[in-house]
Amino acid sequence: MQQKLNLYNTLTRKKEAFEPLHAPFVGMYVCGPTVYGEPHLGHARSAVTFDVLYRYLKYQGYKVRYVRNITDVGHLENDADEGEDKIQKRAKLEHLEPMEVVQHYTNIYHVEMEKLNVLPPDIEPRASGHIIEQIQMTQEILDNGLAYEVNGSVYFNVEAYNKNHNYGKLSGRNIEDLLGNTRTLDGQEEKRSPFDFALWKKASVTHIMRWPSPWSDGFPGWHLECSAMSRKYLGDTFDIHGGGLDLMFPHHECEIAQNQASCNHSDGPRYWVHNNMITVNGQKMGKSLGNFINLSELFSGKHDMLEQAYSPMTIRFFILQAHYRSTLDFSNEALQAARKGYTKLMNGLNVLKKLKYPEEGIAEPDQKLNEDLLKLAEDCYRGMNDDLNTARTIASLFNLLKKINSLYLGQLKIETVSRGTFDTVRNTYQELVLNVLGLEEEETGNRDEMLGMVLAFYKEAKEAKDYDKVDAIRAGLKRQGIVIKDLKTGVDWAYEE
RNA sequence: GGUAACGUGGCCGAGUGGCUAGGCUCAGCUCUGCAAAAGCUGCUACAGCGGUUCGAAUCCGCUCGUUACCUCCA
């Protein structure tokens, strides 16, 4: 049933059978958020995508170490010398300590991810906590002659690197071509070539996020943290590196260059996995375009583009119903459809809970039915194994669900299904929905209202002097830890003490 | 300008050279006090034009359209 997982590797532009370097161990690094703003739908897509990969690898029995970083330093606002970094800019606006801003948005990120049932990574390193490692890596690259220092800043020398390596191998770029038509950006006079990128930046006088280094008081460059931290926790070479498609260039390209140019002398990751973007009206949802929707807005429905609130599981299902390498277009209609589809899957879970395999009266197995059921179950895994095609898996689960419902209603005879087939069907459905896709039941309805209804029946029964029913209701509620209080003013309830 | 994708039925969204994707919507049926749920049935598709092929939505070419990356971005 469990064939090999095939993953599309951006590096080779092919689907490849996934083989860990040191089975059963798997090292996986994913670019986490830059914590200078609220998490939005795009963050959710990346997190959910790699959450499913993480869950599926674990489900297949691998021992996974999942590292997802928090970027809390280093992204320059622009390329100018006086460029402030994003964390700092926000800090000034709000008159907060940079670390306060970082903590604030990190907390929100964690809360929202938990709502989406995204498992926490095994290690969640912060760039600011790994300055020493980043300085060391910079030094290595300098020692290897592939970086140079100017005025206290250190830049990666792409052209020198490209003599013996291939800068652009990940994103399919050719450096000679690139050199021909580059936009000139301000503040690059320190760099020898426009492609060179900062490993270490000297901080201006007003820059408050700064650390001492052999070159200057400053801060690490944009791409260094992921190289340094993935190496620290996963080794010079490891299995999977994930992130949004928009990080492929230059971020991930630079990571490879840094890894090769340091003492790793290796690309680092072996499989590069990139999730595609969420779009709105066909356009990428992103900070720069200002068309993003925060997760809190989605959950509350408070946004001009939203017709209603959408629950976390609706969002998760919405994301999973598309393949991660396709763009996914946001719309209210699509989300409403996702809500219903999700509910349908949950109803299936409940049906399975109630569906018992008969202890006796087993009939002659229906060969065809058994085969059909096993094939449908297998299809569910086939989707997962084919580059984590959750859209196909969900489609297969719906097909399986039809059979499950029919068995439940007696339209298909459960006695003619073998015990083994039945267990396979049940396990497949439950495991994939709950543990792999990570969809869980959401509370619906209002408990107070439900309780109110029960109390109304209680009152009716009491007035009718139907004391058997009265006692039954009392006993039932007591099992839930609730006692009924008959007051002069009416019926009320309290928690049992 | 360079590079890379994409264009599927009312909507979303998979997919393979020939075999039902799936969800939502809509219509009908079964069931039902009325419903709902569930099951069954129906509806409609592969941007356009060529080419390869016994056969292409699926491969190739061209055209049109959309997007992404090339600057921080999940």
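By convention in this document, chain letters (A, B, ...) are assigned in the order of the sequence lines, proteins followed by strands, and residues within each chain are numbered from 1.
- For the C1' atom pair drawn from B:U41 and B:C34, the interatomic distance equals 24 Å after rounding to whole Å.
- For A:Ser171 and B:U3, the shortest distance from a side-chain N or O to OP1 or OP2 is not below 4.0 Å.
- Each of A:His104, A:Gln103, A:His110 was checked for a side chain to side chain donor-acceptor pair (under 3.5 Å) with A:Asn107, and the lone residue meeting it is A:Gln103.
- For the pair A:Ile293 CD1 and B:A74 P, the interatomic distance rounds to 16 Å; values are reported in whole Å.
- With distances taken from any side-chain atom of A:Met285 to the nucleotides B:G23, B:A74, B:G13, the minimum falls on B:A74.
- Aromatic pair A:Trp272/A:His252: centroids less than 6.0 angstrom apart.
- The separation between A:His251 atom NE2 and B:U71 atom P is 15 Å, rounded to whole Å.
- With a 3.5 Å ceiling on both atom-pair distances, the Watson-Crick or G-U wobble partner of B:U3 is B:A68.
- Between B:U44 and B:G22, the distance separating the two C1' atoms is 16 Å to the nearest Å.
- Closest contact between the side chain of A:Ala337 and the listed nucleotides B:G15, B:C12, B:G23 involves B:G23.
- Checked against the 6.0 Å centroid criterion, the rings of A:His241 and A:Tyr271 do not qualify as a close aromatic pair.
- In this structure, A:Asp329 atom CG and B:A68 atom P are separated by 12 Å, rounded to whole Å.
- Nucleic acid contact class of A:Gly341 (heavy atoms, under 4.0 Å, all strands): sugar-phosphate only.
- The nucleotide B:G17 finds no pairing partner, because no Watson-Crick or G-U wobble arrangement with both distances shorter than 3.5 Å includes it.
- For A:Trp222, whose side chain is taken as the heavy atoms from C-beta onward, the closest listed nucleotide among B:A74, B:U71, B:C40 is B:U71.
- Counting heavy atoms from C-beta outward, A:Pro39 and A:Pro33 have side chains that stay 4.5 Å or more apart.
- Here B:C40 sits opposite B:G28 as a Watson-Crick or G-U wobble pair (both hydrogen-bonding atom distances under 3.5 Å).
- Side chain of A:Leu409, nearest nucleotide from B:G39, B:C69, B:C24: B:G39.
- With A:Phe156 as the partner, the side-chain contact (heavy atoms from CB on, under 4.5 Å) test is satisfied by one option alone out of A:Leu199, A:Asp196, A:Leu224: A:Leu199.
- Here A:Ala322 lies in heavy-atom contact (under 4.0 Å) with sugar-phosphate atoms only.
- With RNA chain B read from its 5' end, the first of the two nearest nucleotides for A:Ala395 and A:His323 is the one closest to A:His323.
- Across the C1' atoms, B:C62 and B:A21 are found 31 Å apart, a figure rounded to whole Å.
- In the set B:A38, B:U67, B:G15, the nucleotide with an atom closest to the side chain of A:Gln283 is B:U67.
- Across all strands, A:Ile278 comes closer than 4.0 Å to base atoms (heavy-atom distances).
- Under the 4.0 Å criterion applied to side-chain N and carboxylate O atoms, A:Lys413 and A:Asp366 are not assigned as salt-bridge partners.
- Of the listed nucleotides (B:A14, B:A74, B:C70), B:C70 has the atom at the smallest distance from the side chain of A:Pro250.
- Across all strands shown, A:Asn405 has heavy atoms under 4.0 Å from sugar-phosphate atoms exclusively, and none from any base.
- Atom CG of A:Asn276 is separated from atom P of B:A4 by 16 Å (rounded to the nearest Å).
- Between A:Glu441 and A:Lys353, at least one side-chain nitrogen of the basic residue sits less than 4.0 Å from a carboxylate oxygen of the acidic one, meeting the salt-bridge criterion.
- Residue A:Asn174 has no polar side-chain atom (N or O) positioned under 4.0 Å from OP1 or OP2 of B:G2.
- Rounded to the nearest Å, the gap between the C1' atom of B:C26 and that of B:C69 is 41 Å.
- Contact annotation for A:Met277: base contact, defined as any heavy-atom pair under 4.0 Å involving a base atom.
- Residue contacts for A:Glu333: at a heavy-atom cut-off of 4.0 Å it reaches the sugar-phosphate backbone alone, with no base atom in range.
- Ion pairing between a basic and an acidic side chain is recognised when a charged N comes within 4.0 Å of a carboxylate O; A:Arg68 and A:Glu124 show such pairing.
- The CG-P distance, from A:Leu247 to B:A4, rounds to 20 Å in whole Å.
- Separating the C1' atom of B:A45 from that of B:U52 is a span of 24 Å, rounded to the nearest Å.
- Of the residues near RNA chain B, A:Asn347 and A:Lys340, the one whose nearest nucleotide (by heavy atom distance) lies more toward the 5' end is A:Lys340.
- Under the Watson-Crick or G-U wobble criterion, with both distances below 3.5 Å, B:G55 is left unpaired in every strand shown.
- Between A:Leu328 atom CG and B:C11 atom C1' the separation is 13 Å, expressed in whole Å.
- Counting any heavy atom pair closer than 4.0 Å across all strands shown, A:His274 reaches no nucleic acid atom.
- Rounded to the nearest Å, the gap between the C1' atom of B:G10 and that of B:C43 is 11 Å.
- Within 4.0 Å of A:Ser326, counting heavy atoms only, lie sugar-phosphate atoms of the nucleic acid but no base atom.
- Comparing B:U66 with B:G51, their C1' atoms are spaced 25 Å from each other, to the whole Å.
- Counting only heavy atoms from C-beta on, A:Asp246 has its side chain closest to B:A74 among B:A74, B:C12, B:C70.
- Put simply, CE on A:Met346 is 14 Å from P on B:A38, counting in whole angstrom units.
- When distances are taken from the side chain of A:Arg13 to each of B:C70, B:A4, B:A74, the shortest belongs to B:A4.
- Under the Watson-Crick or G-U wobble criterion, with both distances below 3.5 Å, B:G61 is paired with B:C49.
- Listed nucleotides B:C24, B:A14, B:G39 differ in distance to A:Gln411; the shortest reach to its side chain belongs to B:G39.
- Only the P atoms considered, B:A57 is 9 Å distant from B:A47, to the nearest whole Å.
- Between A:His130 and A:Tyr233, the ring planes are perpendicular. Angles over 60° get that label, and only those under 30° would be called parallel.
- Base engagement by A:Lys284 is indicated by at least one non-hydrogen atom pair under 4.0 Å involving a base atom.
- The distance from atom NZ of A:Lys354 to atom P of B:A37 is 15 Å, rounded to the nearest whole Å.
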